[in-house]
2 protein chains.
Amino acid sequence: MSTQDGRAQAPKRATITDVARVAGVSRGAVSKVIRDAYGVSPAMRARVEEAIERLAYRPRTAARALRGSGFTIGLALPVFGNDFFSQIVLGVNETLAGTGYRFILAPDTSESSSSHTLDALADREVDGIIAVSPMVSTDWLENLARYVPVVVIGRHDMPAGYDTVNGDDAAGARLVMNHLLEQGHRRIVHLTGDYVQVAARPADPHSIRSVVFREMMLSAGLVPRQVTTAADPAAIVACVRDLLAGDEPPTAIFAAHDFLAIHALRVVATSEPRVAIAGYDGVDIASHPMISLTTVDQRGVEIGRTAATLLLERIKGRTTPARHVSTPELLIRRSTAPDGATG
Amino acid sequence: MSTQDGRAQAPKRATITDVARVAGVSRGAVSKVIRDAYGVSPAMRARVEEAIERLAYRPRTAARALRGSGFTIGLALPVFGNDFFSQIVLGVNETLAGTGYRFILAPDTSESSSSHTLDALADREVDGIIAVSPMVSTDWLENLARYVPVVVIGRHDMPAGYDTVNGDDAAGARLVMNHLLEQGHRRIVHLTGDYVQVAARPADPHSIRSVVFREMMLSAGLVPRQVTTAADPAAIVACVRDLLAGDEPPTAIFAAHDFLAIHALRVVATSEPRVAIAGYDGVDIASHPMISLTTVDQRGVEIGRTAATLLLERIKGRTTPARHVSTPELLIRRSTAPDGATG
DNA sequence: CTGAAAGCGCTTACAG
DNA sequence: CTGAAAGCGCTTACAG
């Protein structure tokens with residue numbers, strides 16, 4: 001006996017009504033037991049719990065979220081598979097453990113921009129949203145924050161309605177530049193993503209790194225030179241290859257983030273003369289002895305933990321904005337070691 | 001005028017009722033316009049769309065899912081931040097583009113096992129679930145599949161109610177072993193995760209790789225030796241260090257997956273004599289010239305694409321089980337090159 | 001301590 | 001082509 005829709009006769013999961021019937025109580029009573037709410041007699045609780053067990057009942061988050069809270073927070077990521085963002089996710093997960101809150105991840109996809117991703121999360125009635133480097137205006141975020149608690153990672157905004165968590169990008173960039181200058185480098189190039197627009201997005205971490213690079217080169221009496229590349233490995237490799245093949249190739253590259261640095265190393269690994277490279281983020285693979293990339297540890301796990309903590313505060317009712325900045329640390333490795341120390 | 005709950009006076013997003021009121025039509029009519037359903041006059045559509053625009057209305061997925069479909073599929077991952085799984089996510093994303101379906105990710109967390117993750121997804125009333133290497137019984141999966149369309153990646157099950165997508169692990173393991181044996185290696189050790197239990201989980205990809213390793217060693221007249229390690233980098237490094245420091249250290253290591261192989265390389269990078277290493281998965285970093293790890297490309301993106309395609313079929317009504325196996329390819333790199341070719 | 005009723009925001013038949 | 005009503009599975013006051 002089949003119908004047109006193959007799922008037509010799919011069995012229904014037990015609902016709160018089924019449990020109420022089996023336990024011989026009202027639906028409201030079952031709800032109270034589930035939520036561990038005040039005012040349930042031990043006897044009733046026992047009966048309800050037995051019925052829940054027997055029916056393998058599980059409350060539907062979708063329905064709960066509609067009325068009360070679904071105990072879920074949404075984590076929006078601009079890309080999937082970036083190791084630094086993975087650190088953030090780890091931190092969020094750590095903080096949420098034991099709180100009863102779960103999280104779901106929603107990466108921006110090829111066809112959905114940051115705004116779509118954030119909207120989609122809000123549409124699912126999550127209790128709060130952590131947005132990592134969202135590419136939307138502050139106005140857009142302020143508006144979103146009117147309806148749902150929001151914490152933003154990776155934007156040095158001065159928001160009224162949401163919280164921010166960032167690394168100290170100016171300090172981190174200074175650490176890198178001081179290191180390279182101390183090594184005696186004069187021809188240093190800043191390698192960054194082609195989406196970085198310092199003028200349009202001054203609060204963007206990559207803009208700040210770029211600005212600091214420029215300032216420090218100038219005050220050292222040097223010429224700041226910056227090249228931009230698309231995000232895919234092939235483009236990065238091509239960009240760095242061109243750079244090294246051009247006139248006056250740099251002796252050092254300050255890459256705006258580790259992904260750029262690691263792919264730049266693909267070129268540098270076989271190039272002569274050697275070019276120093278420093279990255280930014282502190283991803284795990286940078287510490288691998290065969291890579292050994294100098295980088296700035298942004299403490300992604302800590303950033304994730306802090307963001308989750310702030311979001312839980314907001315969910316509980318805080319409305320005053322909080323801004324957290326974590327202190328970066330320079331990890332000096334072989335990629336910027338003086339000539340000859342190459343592994 | 002503030003209340004105890006800071007969110008008490010948070011503004012409400014416009015609902016379908018608001019739109020109906022503004023447009024002067026019924027809620028059902030608005031619903032039809034939203035869903036692009038049959039039977040709406042152009043005039044009415046125009047009025048409704050104007051109201052939607054004006055109110056910045058967005059249908060709540062949570063409410064839709066309760067009644068019809070939320071056009072969302074859930075992707076359950078056993079861990080977060082694994083590069084091979086990222087390939088799968090990319091493939092799923094590719095296939096979903098343009099279908100109107102979105103996906104949300106739910107990784108197993110420290111406190112939630114695979115079953116909790118899958119339940120949580122089902123509780124959110126997703127239209128279907130793709131489960132990557134879930135650590136639950138087949139009975140459990142069959143039961144889940146009674147209620148929601150399911151596709152499982154990374155288990156060579158013979159299911160009745162769900163689909164499976166896998167690499168050909170036996171073929172892949174043979175590629176690796178043939179390669180190592182051809183290089184003249186006799187003392188080959190298989191390095192695998194300590195959770196792998198061949199007897200208990202014969203359908204697990206890692207079990208299959210382990211079994212094939214054993215068979216091929218035996219038929220080559222060699223002694224199969226396997227060591228297991230916990231999943232964290234420190235444990236892997238300690239394990240490999242012990243292995244190399246022990247009696248009769250191997251001349252080659254067949255790691256059950258790239259993450260193991262790459263961290264094993266941390267030890268091997270500085271060890272004498274040289275030990276060949278092959279991994280399994282085909283993660284991006286393996287191709288980096290400074291890593292250059294021999295591995296089996298599992299074609300993760302293709303696996304993700306196929307899984308999404310099968311799930312969409314199931315959502316549309318297919319009930320007969322499908323099983324897809326993708327053909328792996330051996331990528332020979334420097335990590336298994338003969339002595340002296342070390343980079 | 002317990003239950004009946006209303007409502008969250010949507011969709012689905014069913015009348016008109 | 002359009003609307004009124006019932007219902008998805010839950011929670012929230014409000015009576016008793």
Side-chain angles (χ1 to χ4, degrees), chain A residues 5 7-8 10-48 51-52 55 57-72 122-127 147-148, chain B residues 4-5 7-8 10-48 51-52 55-72 122-127 147-148:
Chain A
D5 180 351
R7 292 260 146 211
K12 281 297 187 184
R13 295 170 62 187
T15 71
I16 199 169
T17 307
D18 298 324
V19 174
R21 185 169 22 75
V22 167
V25 299
S26 73
R27 284 157 34 187
V30 176
S31 176
K32 277 184 186 160
V33 172
I34 294 167
R35 288 174 294 121
D36 219 13
Y38 177 75
V40 217
S41 69
M44 179 186 199
R45 169 178 298 281
R47 270 161 61 207
V48 170
I52 287 175
L55 298 173
Y57 166 73
R58 292 182 54 83
R60 238 60 104 243
T61 308
R64 301 182 87 160
L66 211 53
R67 203 71 183 81
S69 161
F71 295 99
T72 306
D123 296 342
R124 291 214 137 254
E125 305 278 82
V126 292
D127 299 312
Y147 302 103
V148 53
Chain B
Q4 282 178 285
D5 181 350
R7 290 261 144 208
K12 281 298 188 184
R13 294 171 62 185
T15 71
I16 199 169
T17 307
D18 299 323
V19 174
R21 184 168 23 76
V22 168
V25 299
S26 73
R27 284 158 33 187
V30 177
S31 176
K32 276 184 185 159
V33 171
I34 295 168
R35 288 175 293 120
D36 220 12
Y38 176 75
V40 218
S41 67
M44 179 185 200
R45 170 179 298 280
R47 270 163 60 208
V48 170
I52 287 176
L55 298 173
Y57 167 72
R58 293 182 52 85
R60 239 60 105 243
T61 308
R64 301 183 88 159
L66 211 53
R67 203 71 183 81
S69 161
F71 294 99
T72 306
D123 295 343
R124 290 211 137 255
E125 304 278 82
V126 293
D127 299 313
Y147 303 102
V148 54

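The sequence lines fix the lettering, A, B, ..., with proteins before strands; numbering per chain opens at 1.
The nearest pair of heavy atoms linking B/L66 to A/A63 is CD1-CB, 3.7 Å. Closest heavy-atom contact between A/P59 and A/Y57: CA-OH, 3.2 Å.
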Scoring nucleotides 3-9 of chain D by protein non-hydrogen atoms under 4.0 Å (B base, S sugar-phosphate only, - none) yields B--BBBB

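Listed pair A/R45 / C/dC1 fails the phosphate criterion, with no side-chain N or O lying under 4.0 Å from OP1 or OP2. Distances shown here put every side-chain N or O of B/S31 at or beyond 4.0 Å from the OP1 or OP2 atom of C/dT12.
If you run side-chain hydrogen bond (donor to acceptor under 3.5 Å, both in side chains) between A/D123 and each of B/R60, B/R64, B/R13, only B/R13 comes through.
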For B/T15 and B/D18, what are the C-alpha separation, side-chain angles and deciding distance, and is it a side chain to side chain contact (heavy atoms under 4.5 Å, CB included)?
CA-CA 5 Å; B/T15 71; B/D18 299 323; 3.5 Å; yes

Using the rule given for side chain to side chain contact (heavy atoms under 4.5 Å, CB included), can you reason through B/V19 versus B/V33, listing the C-alpha separation, both sets of side-chain angles and the distance that settles it, and then say yes or no?
CA-CA 11 Å; B/V19 174; B/V33 171; over 6 Å; no

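With a 4.5 Å cut-off on side-chain heavy atoms, B/D36 and B/R45 count as touching. Counting only heavy atoms from C-beta outward, the side chains of A/T72 and A/R124 never approach each other to under 4.5 Å.
Taking a pair as Watson-Crick or G-U wobble with both distances under 3.5 Å, the runs of three or more consecutive pairs in DNA chain D are C:1-3 with D:14-16, C:5-12 with D:5-12, C:14-16 with D:1-3.
A distance of 14.0 Å separates CZ in A/R58 from CD1 in A/I16, rounded to the nearest 0.5 Å.
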